[in-house]
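Since we're looking at a predicted model, the values are computed, not measured. The figures here come from the full heavy-atom set of this structure, side chains too, leaving out hydrogens, waters and symmetry mates. Letters go in sequence order (proteins before strands), and every chain restarts at 1.
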Amino acid sequence: MNMSVEAPSLLPAVARGDVAAFEELYDRHSGILYALLLRILSSGEDAQEVLQETFAKAWSSASKFDASRGSEVAWLISIARSRGIDRLRSRKVRLDRENDAGREISIRSSFVERTTGADRAIVSQQQTAVRGALGDLPDAQRIALELAYFEGLSQSEIAQRLGEPLGTIKTRMQLGMKKLRERLRAFR
Amino acid sequence: MTHEEYEAIAALDAIGAASADEQNALRAHLESCDQCRKAQREFEEAATLLARSLEPVPPPADVRHRVMAAAGVGETTLREHYRFAVRPWWLATAATLFLALWGWRELGIRVAREKIVSQDAEIRRLSEENARLNDRTRKLSSGISSLTSSDTRTISLAGQRISPEASAKVFLETSQRRAVVFFYNLPANPGDKSYQLWIIRADQPKPQSAGVFDVPRGGNATISIENLPVATEIKALAVTLEPRGGVAQPTNTNFYLMGKS
């Protein structure tokens with residue numbers, strides 16, 4: 001697993017307009033951000049566009065980064081995920097409208113369903129990595145977290161998707177996050 | 001609500017799964033709770049593990065260029081910025097060279113402009129000289145024609161009491177109504193005076209000016225006259241000394257030269 005928690009942050013230099021630092025920032029994190037956006041969007045073209053937006057945001061807003069609130073990579077991931085989920089939701093709205101018109105559109109399925117898709121090879125590869133990193137989480141907790149984090153689903157949407165009570169889903173996610181928090185502490 | 005309950009909401013909020021009501025309650029509580037704020041930050045960081053556990057996928061090579069362009073930093077600019085940032089003497093050298101070239105260019109332009117102004121003045125001077133020579137050529141041709149034409153008449157003017165040694169010869173080309181007059185042995189005129197030649201016409205009571213002229217120290221002068229009256233109207237010719245530049249009518253009767261047609 002790629003971890004860059006300990007690496008000195010480049011964002012203060014980027015905030016001063018240091019383009020060399022910005023270049024290094026891209027080299028350091030573009031791989032993980034692109035993987036994240038591919039995971040969320042399942043589209044290389046969309047992922048590349050959002051990746052551009054993410055680094056543009058980083059360039060223009062680097063001065064807002066507060067190292068006491070989290071790591072550099074976490075800050076970038078938050079930007080990328082937020083924009084990726086926004087793109088995903090706007091795309092879903094468009095697809096839903098097309099579906100309403102009777103067109104045959106393949107709507108994005110859940111994580112569990114997608115792992116069996118033959119046309120998701122690149123995503124499946126990343127999912128394997130995720131399972132390895134989060135292997136100590138029970139599948140039920142991990143799936144609930146991934147549905148929320150990578151697909152932007154709400155508690156009720158996840159409950160509906162998995163056919164479980166809302167309270168059960170909420171508990172699973174809270175337990176899963178507590179374990180991730182403990183794991184994060186282990187990295188530090 | 002207890003701290004544990006707020007932390008439970010913070011856990012959901014970190015992955016975007018908290019409801020709107022839960023988010024509002026959490027935000028309000030975090031304003032006054034350092035413990036829960038710390039927990040929230042840890043949950044937010046922990047959530048990124050989901051992403052950081054992914055196997056990195058290098059973006060296509062052209063994305064880097066597009067990212068730099070989207071951020072307003074072209075790769076060329078980036079490289080140049082880096083190069084000059086690392087080696088600032090390049091900038092100083094380039095600036096010095098630029099200023100030297102710029103100064104040399106400005107000096108060249110200034111010299112070229114002065115040369116153009118000088119050449120324009122020379123062109124004007126030569127044009128004026130050419131016009132003067134053309135006029136002189138025309139007058140000489142006219143004078144030669146007046147002297148050699150078959151219909152040329154000659155009128156002699158004799159010195160009067162004030163200048164008995166003076167004389168003049170008028171060659172009058174009647175067909176062209178022009179003449180050339182040669183003056184001899186006239187006293188040099190003062191600087192504030194001009195000699196003036198008068199035509200006494202048969203058809204008019206007052207004399208008509210035929211032109212003014214200066215006589216240098218040697219006493220000789222030549223003038224050409226255009227648009228003369230027809231020969232039959234020229235009764236006589238006379239010369240007086242008048243104020244500089246001539247007058248409409250003679251101011252005195254002190255004739256230097258006089259001759260009848």
Chemist: Could you check which of A/Ser156, A/Ala80, A/Ser68, A/Ala148 has the highest count of heavy-atom pairs closer than 4.5 Å to chain B?
Modeler: A/Ala148
Chemist: Going through the checks in order, is the side chain to side chain contact (heavy atoms under 4.5 Å, CB included) test met by A/Ser9 and A/Phe65?
Modeler: CA-CA 10 Å; A/Ser9 177; A/Phe65 170 69; 3.5 Å; yes
Chemist: With a 4.0 Å cut-off on N to O distance, would you call A/Glu157 and A/Arg161 a salt bridge?
Modeler: no
Chemist: Name the option with the most non-hydrogen atom pairs under 4.5 Å to chain B; the candidates are A/Ile85, A/Leu51, A/Asp27, A/Thr54.
Modeler: A/Asp27
Chemist: For A/Lys57, is it the side chain, the backbone, both, or neither that has a heavy atom closer than 4.5 Å to a heavy atom of chain B?
Modeler: neither
Chemist: Given heavy-atom pairs under 4.5 angstrom as the criterion, report whether the side chain, backbone, both or neither of B/Pro58 touches chain A.
Modeler: backbone
Chemist: Hey, are B/Asp214 and B/Arg244 close enough for a salt bridge, meaning a charged N less than 4.0 Å from a carboxylate O?
Modeler: yes
Chemist: Surrounding CD of B/Gln249 (heavy atoms of other residues, nucleotides or ligands, distance under 6.0 Å), is the total greater than 12?
Modeler: yes
Chemist: Rounded to the nearest 0.5 Å, what's the gap from CD1 on A/Ile169 to CG on A/Leu147? Could you check?
Modeler: 8.5 Å
Chemist: Using non-hydrogen atoms only, which part of A/Lys179 is less than 4.5 Å away from chain B: side chain, backbone, both, or neither?
Modeler: neither
Chemist: Does CD in B/Glu122 sit with more than 12 non-hydrogen atoms of other residues, nucleotides or ligands closer than 6.0 Å?
Modeler: yes
Chemist: Under a 4.5 Å heavy-atom cut-off, does chain B meet the side chain of A/Tyr26, its backbone, both or neither?
Modeler: side chain
Chemist: Considering only heavy atoms, which portion of A/Ser30 lies under 4.5 Å from any heavy atom of chain B: side chain, backbone, both, or neither?
Modeler: both
Chemist: Contact part of B/Ala39 toward chain A, heavy-atom cut-off under 4.5 Å: side chain, backbone, both or neither?
Modeler: both
